Visitor: 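The structure under discussion is supplied below as structure tokens; questions concerning it will follow.
A quick note: this is a predicted structure, and the numbers were derived from the prediction, not measured. Numbering of residues begins at 1 and proceeds along the displayed sequence.
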Amino acid sequence: MDKRILVVDDEPSIVKLVQFNLEKEGYLVDIAEDGQTALDKIKEQRPDLLVLDLMLPKVDGLEVCKQVRRENRQLPILMLTAKTEEFDKVLGLELGADDYMTKPFSPRELVARVKAIFRRTEAIREVSREEPKQVIQVGDLTIDTDGYEVLRNGEPIDLTPKEFELLVYLANHRGRVLSRDQLLNAVWDYDYIGDTRIVDVHVSHLREKVEEDSRNPVYIKTVRGIGYKFEGPKE
């Protein structure tokens, strides 16, 4: 089945460029020029991916991201921003965006990011189909890869798709030190050379959800100068 992508941007030149390049790759592309229209179309059309500009009329991209995550935690979001401030990128990621690109961007890079997102989501589905029940139990954490669910002490934790993928990858490599570049390659499925902040933001947000005390983590440990390591609580 063809993948449906909703592109949300109020700049006609950007919309035309994105739509042309995505349709050339065989994707079904719909357009929304403001945040409120985007929210309406998401409910009506149930797209497979959201390409979302940060600066939008009526309802801005950050608010759209927040509302989408409240109602649909599994819809992948690729955020576009003309701003270069780190704060805007980090805030978008913390609100649940899976990835971001800063304008101006290469159409080839955009297509590569979109393909990477779909490869990752399809890989998760394939694992679920091949191995119907995959449960990782570490300490008080239960990670159900088939049910796309994480529990802590039996209580569900609400994770974004990228947070879930990151946690599963870390847990599947328990005890191994993983560099930020390794995590980018494995979880985001591309080389994000020169900017590993995206990993740090997701790890920080993940810790807030799975750790009892995010400042003294039991599960996701920082290995200074290298990256991260997933461990369990000490017996």
Side-chain angles (χ1 to χ4, degrees), residues 48-50 52 61-62 64-79 86 88-101 113-114 116-125 127-128 134-174 176 178-190 192 195-215 217-222 227-232:
D48 299 294
L49 173 67
L50 188 62
L52 178 66
L62 293 177
V64 170
C65 191
K66 190 189 303 182
Q67 290 192 38
V68 168
R69 278 292 165 258
R70 201 177 297 142
E71 299 171 8
N72 184 347
R73 63 178 182 169
Q74 294 189 25
L75 174 63
I77 300 174
L78 172 58
M79 185 166 280
E86 189 70 15
D88 297 297
K89 299 172 185 176
V90 171
L91 184 56
L93 294 172
E94 289 183 340
L95 289 175
D98 298 281
D99 196 0
Y100 69 83
M101 294 187 69
R113 300 281 185 92
V114 168
I117 289 172
F118 282 135
R119 277 198 301 272
R120 296 304 305 167
T121 54
E122 186 57 34
I124 289 177
R125 293 192 189 100
V127 168
S128 296
Q134 280 250 312
V135 176
I136 303 168
Q137 184 72 50
V138 184
D140 59 9
L141 282 184
T142 303
I143 307 168
D144 181 356
T145 60
D146 180 40
Y148 217 87
E149 184 178 43
V150 177
L151 307 175
R152 188 177 70 191
N153 288 322
E155 295 295 320
I157 301 172
D158 189 22
L159 301 182
T160 68
K162 196 55 62 179
E163 289 166 355
F164 181 82
E165 290 175 40
L166 179 59
L167 179 61
V168 169
Y169 189 81
L170 287 166
N172 277 332
H173 294 80
R174 182 177 175 182
R176 279 184 56 187
L178 300 168
S179 71
R180 291 170 176 83
D181 287 331
Q182 283 178 298
L183 291 170
L184 279 171
N185 199 337
V187 179
W188 279 261
D189 200 17
Y190 57 80
Y192 207 154
D195 189 353
T196 56
R197 177 63 172 162
I198 190 171
V199 174
D200 296 330
V201 170
H202 276 82
V203 167
S204 175
H205 213 42
L206 190 54
R207 278 175 172 160
E208 290 176 5
K209 295 180 178 183
V210 304
E211 302 280 2
E212 188 170 337
D213 180 359
S214 61
R215 285 177 289 188
V218 171
Y219 295 104
I220 306 172
K221 301 291 185 69
T222 299
Y228 299 99
K229 180 170 66 170
F230 187 89
E231 296 181 341

Visitor: Looking at every non-hydrogen atom in both residues, tell me the closest pair between Lys209 and Leu159 and how far apart they are.
Guide: CD-CD2, 3.5 Å
Visitor: What are the two closest heavy atoms between Leu75 and Asp48, and how far apart are they?
Guide: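 Shortest heavy-atom separation between Leu75 and Asp48 comes out as CD1-C, 3.7 Å.
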Visitor: Check the pair Glu211 / Tyr219 against side-chain contact (heavy atoms from CB on, under 4.5 Å), numbers first and verdict last.
Guide: CA-CA 7 Å; Glu211 302 280 2; Tyr219 295 104; 3.3 Å; yes
Visitor: What pairs with Asp213 under side-chain contact (heavy atoms from CB on, under 4.5 Å), at least two apart in sequence or on another chain?
Guide: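 With neighbours one apart ignored, the set is Arg215, Asn216.
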Visitor: Looking at NZ of Lys229 and CZ of Arg176, how far apart are the two atoms once the value is rounded to the nearest 0.5 Å?
Guide: 12.0 Å
Visitor: To the nearest 0.5 Å, tell me how far Leu184 CG sits from Asp99 CG.
Guide: 9.0 Å
Visitor: Would you please name every residue forming a salt bridge (charged side-chain N to carboxylate O under 4.0 Å, His left out) with Arg180, sequence neighbours left out?
Guide: Asp200
Visitor: With no hydrogens and no angle check, is any side-chain donor or acceptor of Gln137 less than 3.5 Å from a backbone partner on Gly139?
Guide: yes
Visitor: If I take atom CZ from residue Arg174 and atom CD1 from residue Ile136, how far apart are they, to the nearest 0.5 angstrom?
Guide: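 Between atom CZ of Arg174 and atom CD1 of Ile136 there are 10.0 Å.
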Visitor: Quick one: pull up CG in Asn172 and CD1 in Ile143 and give me the separation to the nearest 0.5 Å.
Guide: 8.0 Å
Visitor: Where do Lys162 and Glu165 land on the salt bridge (Lys or Arg N to Asp or Glu O under 4.0 Å) test, with the steps shown first?
Guide: CA-CA 5 Å; Lys162 196 55 62 179; Glu165 290 175 40; 3.3 Å; yes
Visitor: Determine the minimum heavy-atom distance between Ile117 and Pro76, stating which atoms define it.
Guide: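 Shortest heavy-atom separation between Ile117 and Pro76 comes out as CG2-CB, 3.5 Å.
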Visitor: Can you tell me how far apart CG (Leu52) and CE (Met79) are? Round to the nearest 0.5 Å.
Guide: 4.5 Å
Visitor: Mind checking what makes side-chain contact (heavy atoms from CB on, under 4.5 Å) contact with Thr222, not counting sequence neighbours?
Guide: Arg207, Tyr228
Visitor: Which heavy atom of Cys65 sits nearest a heavy atom of Ala97, and at what distance?
Guide: SG-N, 3.6 Å
Visitor: Keeping the roles fixed (side chain from Asp98, backbone from Ile77), state whether a donor-acceptor pair exists under 3.5 Å.
Guide: yes
Visitor: Measure across Asp144 and Phe164 and return the closest heavy-atom pair with its distance rounded to 0.1 Å.
Guide: O-CZ, 3.8 Å
Visitor: Considering all heavy atoms of both residues, which atom of Leu78 and which atom of Arg113 are nearest to each other, and what is their separation?
Guide: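 The answer is CD2-CB, 4.3 Å.
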Visitor: Just how far is it from atom CD1 of Ile220 to atom CG of Leu178, taken to the nearest 0.5 Å?
Guide: 11.0 Å
Visitor: Could you check whether any side-chain heavy atom of Leu141 comes within less than 4.5 Å of a side-chain heavy atom of Ile157, counting everything from C-beta outward?
Guide: yes
